[in-house]
Amino acid sequence: MTPIIFHIDVNSAYLSWTAVEQLKNGAKQDLREIPAIIGGDQKARRGVVLAKSIPAKKYGIRTGEPVANAFRKCPNLVSVPPDHRMYREKSDRLMDYLKSFTTKIEQVSVDECYMDFTEIAWKYPSPVDAALIIKDGIREQFGFTVNIGISSNKLLAKMASDFEKPDKVHTLFPEEIQVKMWPLPIGELYMAGRSSVETLKKLEIYTIGDLAQADPEVISLHMKSHGRMLWESANGAGDSQVQSEQAEAKGIGNSTTLSEDAVTAEEAMEVFRELAASVGRRLRKAGQKANMVSMEIKYHDFQTVSHQKQLSKPSSEDDVLYGAACQLFEETWDGEPIRLLGIRTAKLVDASEPVQLSIFDIEMPKPPDEKHRKLNMAMDEIRKKYGKDAVVKASLMKTGKGKKGHED
């Protein structure tokens with residue numbers, strides 16, 4: 001059965017939700033119909049544009065730019081501070097509504113999710129008809145709009161949802177790639193950041209089609225594994241497996257927002273080492289090992305990407321988690337400044353569960369991570385007795401860039 005994946009994305013979520021709330025409370029003006037943004041204190045670090053109206057976009061205002069810049073472009077701009085508690089409430093209500101269709105939903109941010117529609121597609125005349133029912137139901141019930149992209153994998157569904165906005169349903173199946181996706185500028189490709197685009201243009205690659213038809217070995221030579229991944233994306237390759245909340249809830253993870261954007265791989269690796277130590281410690285405390293590790297990046301413009309891999313055998317060791325996260329980072333990072341990094345583990349098993357060894361493990365007198373396992377156990381005991389900061393590895397003695405963390 002061919003997978004049918006929906007990507008559902010709220011149109012200018014923060015601004016739309018704020019507008020709906022204001023209108024409900026008697027406002028005479030709809031923020032979506034005037035030049036307006038959601039942004040913080042112009043003097044604070046978070047004084048950036050979080051969301052913008054379509055009229056504001058016509059002034060060249062971009063998400064992620066300083067609020068002060070936005071006012072220079074449009075002096076009559078209306079700015080409203082963010083209300084994250086309200087956004088979470090709106091998001092929760094939206095997800096509850098979507099779960100009335102299917103529970104196979106992977107929420108990737110407060111305002112977007114993937115839905116695996118494969119098993120219930122037979123209930124509707126077509127996937128487009130089903131998407132229209134969902135889209136129109138959201139507008140009528142909640143007062144805001146969404147775009148829905150439809151395809152056989154998550155990447156193409158995501159690309160489709162970014163086509164013409166707002167309040168639209170678009171398809172992008174593999175047979176439609178050459179007509180709908182290849183003519184687009186290379187910067188429109190998911191996970192093609194500014195630095196990647198600059199590199200590709202130097203190679204005379206200006207459209208997604210140019211990249212798709214380029215020699216992948218040449219792309220990899222200039223951009224390593226990230227270039228190969230972009231080439232595969234340009235050809236429509238993507239994961240179709242939707243990770244539902246039930247599966248995610250069984251994982252252990254940690255993320256941190258950085259006090260300053262990380263701009264080098266070395267800075268990111270330093271943060272990942274701290275995150276791996278935290279996640280490993282929590283896994284061991286819970287008596288669990290992980291079979292799956294995922295890595296998350298949130299860029300300076302709030303775009304979020306994640307990547308995951310299956311471990312060769314379940315582990316809770318810091319170095320194993322760190323190595324996996326670094327590999328995933330190298331395969332994913334596009335060179336753009338980073339605001340948040342995260343590590344998450346999934347497919348957990350009991351630490352006492354027997355592990356099937358490979359021939360290479362059997363030939364060794366001890367598993368290769370035995371020394372590290374004992375070291376981590378000793379450090380855990382010291383932290384348990386004297387506090388989590390009582391002992392740290394020498395590699396973590398440098399001043400970190402983490403501002404605030406989030407464990408789950």
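The structure displayed is predicted, hence computed values, not measured ones. Numbers here are sequence positions counted from 1.
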**Asked** If you measure only the distance, is there a donor-acceptor pair under 3.5 Å linking the side chains of Thr145 and Lys135?
**Response** no
**Asked** Looking just at side-chain N and O atoms, do Ser91 and Gln107 make a donor-acceptor pair shorter than 3.5 Å?
**Response** yes
**Fill in**
Heavy-atom nearest pair, Ala131 first then Ile148, reads O-CD1, 3.4 Å
**Asked** Side chains of Val48 and Arg339: does their closest heavy-atom pair fall under 4.5 Å?
**Response** yes
**Prompt:** Is there a donor-acceptor contact under 3.5 Å from the side chain of Thr199 to the main chain of Ser195?
**Reply:** yes
**Asked** After noting the C-alpha distance and the side-chain angles of Lys123 and Asp129, does the key distance pass the salt bridge (Lys or Arg N to Asp or Glu O under 4.0 Å) rule?
**Response** CA-CA 10 Å; Lys123 297 180 179 180; Asp129 287 315; over 6 Å; no
**Message:** Do Val78 and Ile37 make a side-chain contact, defined as non-hydrogen atoms from C-beta onward lying under 4.5 Å apart?
**Reply:** no
**Request:** For salt bridge (Lys or Arg N to Asp or Glu O under 4.0 Å), just list the numbers for Glu198 and Lys201, CA-CA rounded to whole Å, side-chain angles, deciding distance to a tenth of an Å, and then say yes or no.
**Result:** CA-CA 5 Å; Glu198 290 173 3; Lys201 285 183 176 179; over 6 Å; no
**Request:** Assess the side chains of Glu331 and Gln327: does a donor N or O sit below 3.5 Å from an acceptor N or O?
**Result:** yes
**Message:** Let me confirm one number: the OG-CG distance from Ser233 to Leu189, rounded to the nearest 0.5 Å.
**Reply:** 5.5 Å
**Item:** Student check: side-chain heavy atoms of Arg273 and Asp319 closer than 4.5 Å
**Value:** yes
**Item:** Value rounded to 0.5 Å, distance of OG in Ser316 from NZ in Lys285
**Value:** 14.5 Å
**Request:** Determine, stepwise, if the pair Met181 / Met159 fulfils side-chain contact (heavy atoms from CB on, under 4.5 Å).
**Result:** CA-CA 8 Å; Met181 190 170 83; Met159 289 292 299; 3.9 Å; yes
**Message:** What I'd like to find out is whether the side chain of Leu31 reaches to under 4.5 Å of the side chain of Thr18, using heavy atoms alone.
**Reply:** yes
**Item:** Euclidean distance, Leu311 CG relative to Thr345 OG1, rounded to 0.5 Å
**Value:** 9.0 Å
**Item:** For Phe272 against Gly342, the heavy-atom pair lying closest together
**Value:** CE2-O, 3.7 Å
**Asked** More than 12 non-hydrogen atoms from neighbouring residues, nucleotides or ligands closer than 6.0 Å to CD on Gln310, yes or no?
**Response** yes
**Asked** Between atom OG of Ser16 and atom OH of Tyr87, what is the distance when rounded to the nearest 0.5 Å?
**Response** 10.5 Å
**NZ/NE/NH1/NH2 to OD/OE distance under 4.0 Å, Arg139 and Asp136** = yes
**Asked** Do Asn147 and Asp162 have side-chain atoms, one donor and one acceptor, less than 3.5 Å apart?
**Response** no
**Message:** Regarding Thr264 and Glu267, do their side chains bring together a donor and an acceptor under 3.5 Å, going by distance alone?
**Reply:** yes
**Asked** Is the Lys NZ or Arg CZ of Lys73 less than 6.0 Å from the centre of Tyr59's six-membered ring, within 45° of the axis?
**Response** no
**Request:** Keeping the roles fixed (side chain from Asp334, backbone from Ala192), state whether a donor-acceptor pair exists under 3.5 Å.
**Result:** no
**Asked** Step by step, would you call Gln243 with Gln308 a side-chain contact (heavy atoms from CB on, under 4.5 Å)?
**Response** CA-CA 11 Å; Gln243 300 289 334; Gln308 65 183 27; 3.7 Å; yes
**Asked** Between the main-chain N or O of Thr207 and the side-chain N or O of Asp210, is there a donor-acceptor pair closer than 3.5 Å?
**Response** yes
**Asked** If we only count heavy atoms from C-beta on, is the Thr304 to Ile297 side-chain gap below 4.5 Å?
**Response** no
**Asked** Is the CD atom of Glu204 crowded by more than 12 outside heavy atoms at less than 6.0 Å?
**Response** no
**Message:** With a 4.5 Å cut-off on side-chain heavy atoms, are Pro35 and Cys74 touching?
**Reply:** yes
**Prompt:** Does Phe117 have its ring centroid less than 6.0 Å away from the ring centroid of Phe6?
**Reply:** yes
**Prompt:** Can you find a side-chain donor-acceptor pair between Ser53 and Glu33 that sits under 3.5 Å?
**Reply:** no
**Asked** Do Leu230 and Ile219 have side chains that get closer than 4.5 Å, going by heavy atoms?
**Response** no
**Message:** Please tell me whether His307 and Phe329 form a close aromatic pair, meaning their ring centres lie under 6.0 Å apart.
**Reply:** no
**Request:** Using the salt bridge (Lys or Arg N to Asp or Glu O under 4.0 Å) rule, take Lys224 and Glu330 through it: C-alpha gap first, then chi angles, then the decisive distance, then the call.
**Result:** CA-CA 9 Å; Lys224 300 183 180 178; Glu330 290 172 349; over 6 Å; no
**Message:** Before you tell me yes or no, could you show the steps for Ile134 and Met115 under side-chain contact (heavy atoms from CB on, under 4.5 Å), namely the whole-Å CA-CA distance, both residues' side-chain angles and the distance that decides it to 0.1 Å?
**Reply:** CA-CA 11 Å; Ile134 293 172; Met115 174 186 285; 4.1 Å; yes
**Complete:** So CG of Leu211 and CD1 of Ile186: to nearest 0.5 Å the spacing works out to 4.5 Å
**Request:** Report yes or no: do His300 and Glu336 form a side-chain donor-acceptor pair below 3.5 Å?
**Result:** yes
**Message:** For Val349 versus Pro314, what's the shortest heavy-atom pair and its separation?
**Reply:** CG2-CB, 3.8 Å
**Message:** Any carboxylate oxygen within less than 4.0 angstrom of a Lys/Arg side-chain nitrogen, looking at Lys24 and Glu21?
**Reply:** yes
**Asked** Just checking, is any N or O donor in the side chain of Asp9 or Ser161 under 3.5 Å from an acceptor N or O on the other one?
**Response** no
**Message:** Any heavy-atom pair between the side chains of Trp333 and His226 that's under 4.5 Å?
**Reply:** no
**Request:** Could you point out which residue of Glu112, Glu188, Glu106 forms a salt bridge (Lys or Arg N to Asp or Glu O under 4.0 Å) with Lys158?
**Result:** Glu112
**Message:** Would you compute the distance between atom CD1 of Ile138 and atom CZ of Phe144 and round it to the nearest 0.5 angstrom?
**Reply:** 6.5 Å
**Item:** Backbone of Ile5 reached by a side-chain donor or acceptor of Asp116 within 3.5 Å
**Value:** no
**Message:** For Leu172, is there any backbone N or O sitting under 3.5 Å from a side-chain donor or acceptor partner on Ser151?
**Reply:** yes
**Message:** With side chain to side chain donor-acceptor pair (under 3.5 Å) as the criterion, how do Asp261 and Tyr299 come out once you've worked through the C-alpha distance, each side chain's angles and the decisive distance to 0.1 Å?
**Reply:** CA-CA 8 Å; Asp261 291 344; Tyr299 291 111; over 6 Å; no
**Message:** Restricting to non-hydrogen atoms, name the atom on Pro3 and the atom on Thr118 that form the minimum distance, rounded to 0.1 Å.
**Reply:** CA-OG1, 3.4 Å
**Message:** Donor-acceptor pair, distance only, cut-off 3.5 Å: does the side chain of Asn11 make one with the backbone of Asp167?
**Reply:** yes
**Prompt:** Regarding Asp111 and Ser109, is there a side-chain donor-to-acceptor distance under 3.5 Å anywhere?
**Reply:** yes
**Request:** Please assess Glu176 against Thr171 for the test side chain to side chain donor-acceptor pair (under 3.5 Å), listing each intermediate value before the final yes or no.
**Result:** CA-CA 8 Å; Glu176 300 176 296; Thr171 63; 3.1 Å; yes
**Asked** Got a donor-acceptor contact below 3.5 angstrom from the Asp239 side chain to the Gln241 backbone?
**Response** yes
**Request:** Output yes when a side-chain donor or acceptor of Ser255 lies under 3.5 Å from a complementary backbone atom of Leu341, and no otherwise.
**Result:** no
**Request:** List the steps and the verdict of salt bridge (Lys or Arg N to Asp or Glu O under 4.0 Å) for Lys289 and Glu317.
**Result:** CA-CA 8 Å; Lys289 291 184 178 182; Glu317 299 308 308; over 6 Å; no
**Request:** Using atom types as modelled and distance alone, determine if a side-chain donor or acceptor of Thr103 lies under 3.5 Å from a backbone N or O of Lys99.
**Result:** no
**Message:** Please determine whether the number of non-hydrogen atoms from other residues, nucleotides or ligands lying under 6.0 Å from atom NZ of Lys168 exceeds 12.
**Reply:** no
